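In this text the structure is predicted, and so the values were computed from the model without any measurement. Residue numbering restarts at 1 for every chain, and letters A, B, ... go by the order of the sequence lines.
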Amino acid sequence: MEFELVGDISRVEVIAVGRSIRELADLKAQFGGRRWRKLKGIGVVRLEDASLYRAELHWYEAHGVGRKKLKIKRLLDRAE
Amino acid sequence: MIRSTNESMVRCLEGDGSDDLTAGQVYKVLPDAKAFRHGYLRVIDDSGEDYLHAARRFEPVSQQRTKDGGKAPEGADILVVAPSGEVLLLIQAKAKSSRNALTGVHAGRLKVNVTAAPEKGKANAAVLSVIASSLALKPSQVSLAAGETDPRKTVLITGVTADDLRERIAAALTE
């Protein structure tokens with residue numbers, strides 16, 4: 001894992017659903033699931049150098065599959 | 001070891017595709033000084049979007065430069081030799097063009113123009129056909145490795161060496 005999520009993700013928004021997702025075919029092949037959604041939100045992450053940052057996170061989820069491919073889109077500011 | 005964010009292309013050392021990185025695959029890097037200070041690179045990964053990934057997972061892709069430090073010579077950066085010996089050709093495809101031709105090298109990619117429209121794989125098929133005919137290869141030697149829905153594609157070429165392919169590309173571009 002390249003980073004660790006500390007706490008919950010807030011300000012969650014859906015940014016793509018179904019066929020609007022570029023990787024839809026890969027997600028279905030890899031994890032199954034039907035109605036995939038791509039989401040974004042703000043969360044605190046512990047980076048590999050142990051620093052804590054608020055970051056914009058993107059990930060995919062489908063009903064019954066859960067959060068997949070959680071990735072950092074950008075670092076926002078330091079979290080204390 | 002990545003020493004600066006000036007590297008424009010990097011090769012992934014570890015990855016199984018689970019987080020959109022595949023070992024051995026070459027990726028483009030965008031500048032992000034803040035992320036780099038904490039050991040991360042902004043990489044355009046298999047998802048087609050840029051995300052932060054740990055820099056330790058990449059190595060720089062050496063780029064041949066001319067003696068005066070200018071732009072890379074034609075045919076130098078557009079090829080990546082896989083550990084298996086197969087050659088990957090990085091291309092920038094342009095669909096719905098006025099002609100079918102190789103038109104030059106730009107930003108480390110061979111520009112391939114095709115008249116076909118990008119629908120139902122027509123342009124992809126045309127791109128492979130143009131590459132095969134322009135470089136005197138059999139159609140079976142040319143296949144699409146990545147970028148099915150992206151103008152920036154990676155084409156796998158078998159049965160020729162990188163040096164041979166460079167000569168063929170140079171010859172095709174000077175015609």
Reported CG-to-OG distance for the pair A:L27 and B:S47, which is rounded to 0.5 angstrom: 10.0 Å

salt_bridge(A:K69, B:D20) N-O dist < 4.0 Å: yes

Donor-acceptor check, side chain of B:Y40 to backbone of A:E48, threshold 3.5 angstrom: yes or no? yes

Under 6.0 Å from the CZ atom of A:R67, do we count more than 12 heavy atoms belonging to anything else shown? yes

Calculate, to the nearest 0.5 Å, the distance between atoms CD1 and NE2 belonging to A:I72 and B:H38 respectively. 10.5 Å

Heavy-atom cut-off 4.5 Å, strictly under: side chain, backbone, both or neither for A:F3 against chain B? both

Assess whether atom CG of A:D8 is packed by more than 12 heavy atoms of other residues, nucleotides or ligands within 6.0 Å. no

Taking atom NZ of B:K94 as the centre, does the number of heavy atoms from other residues, nucleotides or ligands within less than 6.0 Å exceed 12? no

Donor-acceptor contact below 3.5 Å, side chain B:K34 vs main chain A:L76: yes

Which bit of B:D45 is near chain A, if near means a heavy-atom gap under 4.5 Å: side chain, backbone, both or neither? side chain

Let me confirm one number: the CG-CG distance from B:D46 to A:D26, rounded to the nearest 0.5 Å. 8.5 Å

Between CZ on residue A:R22 and CG on residue B:D150, distance to nearest 0.5 Å: 7.5 Å

Chain B contact via A:E23 - which portion, at a heavy-atom distance below 4.5 Å: side chain

If you round to the nearest 0.5 Å, how far is NZ of A:K73 from CZ of B:R42? 6.0 Å

Please lay out, stage by stage, how B:L52 and A:R74 fare under the test side chain to side chain contact (heavy atoms under 4.5 Å, CB included). CA-CA 7 Å; B:L52 303 190; A:R74 57 182 61 83; 5.7 Å; no

Identify the heavy atoms of B:A54 and A:E2 that sit nearest to each other, and give their distance. N-OE2, 2.8 Å

